Amino acid sequence: MVSFMVTRHKISGLVAALVLFAALTPVEAAAADSHADTCRYFNGQAFNDRRTLGAKTFRMELAQDCVDALVYLRSGDPEARARAEAYLDQLGAYRRVIVEMVVTRAQARPAPAEDRSRYTRVAVQPVSWAGAYLIARRMGLVETHRDWTAWRRAASLPLFRLDETQTN
């Protein structure tokens with residue numbers, strides 16, 4: 001009798017957890033979380049670049065693009081939302097490739113010998129800036145970044161048109 005009660009309690013708890021999980025994670029929320037994770041990744045990369053290099057880098061531009069795309073994702077214009085969603089998806093795919101490479105490198109490292117050299121070795125071997133750029137280029141992200149920049153500038157131009165003057 002006790003085992004039946006425990007099993008029934010576990011099953012009802014599992015069902016309740018599944019219902020709660022399904023209610024809290026609709027598809028849109030999962031996509032928004034993924035996009036937010038992507039932007040946090042690029043913002044971290046941009047921060048590191050600014051701290052170490054001080055000059056504008058491609059990763060800084062991607063971080064800015066990511067933030068801009070999040071803003072356009074909330075736009076009332078369906079075309080702007082679709083463009084932002086596609087760009088964020090491509091940025092997310094690029095991030096996953098880079099992170100997967102770092103994880104694979106970390107897992108493939110041989111176990112350190114029992115000496116002090118294990119304390120001086122880098123724990124993770126990051127993807128180089130040049131390598132990350134070449135991967136982005138191969139994935140079509142560089143071209144998408146150029147298209148996004150041109151579109152974003154064109155989208156903001158109507159705000160600053162010089163040929164339309166106001167009369168008082």
Side-chain angles (χ1 to χ4, degrees), residues 14 17-75 77-156:
L14 178 62
L18 288 174
V19 168
L20 181 62
F21 180 75
L24 293 177
T25 58
V27 173
E28 295 85 18
D33 287 346
S34 174
H35 297 324
D37 289 343
T38 297
C39 288
R40 272 191 294 277
Y41 169 80
F42 284 112
N43 285 333
Q45 297 297 313
F47 177 79
N48 289 338
D49 288 356
R50 173 63 82 191
R51 187 174 52 84
T52 57
L53 299 176
K56 188 174 184 181
T57 65
F58 179 66
R59 298 189 309 183
M60 288 177 177
E61 291 180 10
L62 292 181
Q64 183 61 54
D65 287 354
C66 199
V67 171
D68 292 344
L70 286 177
V71 170
Y72 279 105
L73 200 57
R74 294 182 183 99
S75 169
D77 180 13
E79 181 186 333
R81 281 196 316 267
R83 183 181 289 269
E85 179 80 27
Y87 192 34
L88 287 167
D89 289 343
Q90 191 173 13
L91 286 169
Y94 172 70
R95 174 185 64 100
R96 285 188 295 277
V97 166
I98 298 298
V99 169
E100 185 177 312
M101 287 179 66
V102 172
V103 168
T104 301
R105 289 175 179 183
Q107 291 172 341
R109 287 185 54 132
E114 288 299 322
D115 60 1
R116 300 202 45 87
S117 67
R118 69 180 171 164
Y119 298 110
T120 59
R121 292 184 359 187
V122 177
V124 177
Q125 182 65 36
V127 178
S128 69
W129 291 319
Y133 180 80
L134 291 174
I135 291 167
R137 195 167 119 194
R138 177 74 180 219
M139 291 179 72
L141 187 60
V142 172
E143 187 62 34
T144 303
H145 163 69
R146 288 182 186 138
D147 291 345
W148 173 263
T149 302
W151 175 81
R152 192 181 72 228
R153 287 181 181 154
S156 65

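Keep in mind that this is a model prediction, so the values were computed, not measured. Just so it is clear, the values below take in all heavy atoms, side chains as well, and ignore hydrogens, waters and symmetry mates.
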Exercise for review: Give a yes or no on whether R138 atom CZ has more than 12 heavy-atom contacts from other residues, nucleotides or ligands under 6.0 Å away.
Suggested key: no
Check your understanding: Mind checking what makes ring pair (Phe, Tyr, Trp, His ring centres under 6.0 Å) contact with W129, not counting sequence neighbours?
Key ->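 By the ring pair (Phe, Tyr, Trp, His ring centres under 6.0 Å) rule, W129 matches no residue at all.
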**Study point:** Qualifying residue, where the test is side-chain contact (heavy atoms from CB on, under 4.5 Å) with L62 and the options are V67, L91, N43
**Key:** L91
Without placing hydrogens or testing angles, list every side-chain donor-acceptor pair under 3.5 Å for residues 92-103, not counting sequence neighbours.
unit_1	atom_1	unit_2	atom_2	d
Y94	OH	A132	O	2.9
R95	NE	T38	OG1	3.2
R96	NH1	G92	O	3.3

[atom1]-[atom2] distance between [X] and [Y], expressed to the nearest 0.5 angstrom:
X: E61; Y: D49; atom1: CD; atom2: CG; answer: 11.0 Å
X: L141; Y: I135; atom1: CG; atom2: CD1; answer: 11.0 Å
X: T144; Y: Y87; atom1: OG1; atom2: OH; answer: 7.0 Å
X: M60; Y: N48; atom1: CE; atom2: CG; answer: 9.5 Å
X: C39; Y: L88; atom1: SG; atom2: CG; answer: 5.5 Å
X: C66; Y: L73; atom1: SG; atom2: CG; answer: 10.0 Å

Check your understanding: So do the side chains of Y72 and R83 get within less than 4.5 Å of each other, counting heavy atoms only?
Key -> no
Exercise for review: Check L70 against H35 and note the closest heavy-atom contact, atom names and distance.
Suggested key: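 Heavy atoms only, the tightest pair is CD2-CB, 3.9 Å.
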**Study point:** Minimum heavy-atom distance A84-A69, with the two atoms named
**Key:** CB-O, 3.3 Å
Point to revise | Qualifying residue for salt bridge (Lys or Arg N to Asp or Glu O under 4.0 Å) with D68, from R152, R74, R153 | key: R152
Point to revise | Partners passing salt bridge (Lys or Arg N to Asp or Glu O under 4.0 Å) against R40 (at least two apart in sequence or in another chain) | key: D37
Practice item. Give the C-alpha distance, both sets of side-chain angles, the deciding distance and a yes or no for side chain to side chain contact (heavy atoms under 4.5 Å, CB included) between H145 and F58. Key: CA-CA 10 Å; H145 163 69; F58 179 66; 3.9 Å; yes
Exercise for review: Start with the C-alpha gap between R50 and T57, add the side-chain angles, then the distance that decides, and say whether side chain to side chain contact (heavy atoms under 4.5 Å, CB included) holds.
Suggested key: CA-CA 8 Å; R50 173 63 82 191; T57 65; over 6 Å; no
Exercise for review: Please assess D77 against R81 for the test side chain to side chain contact (heavy atoms under 4.5 Å, CB included), listing each intermediate value before the final yes or no.
Suggested key: CA-CA 6 Å; D77 180 13; R81 281 196 316 267; 5.9 Å; no
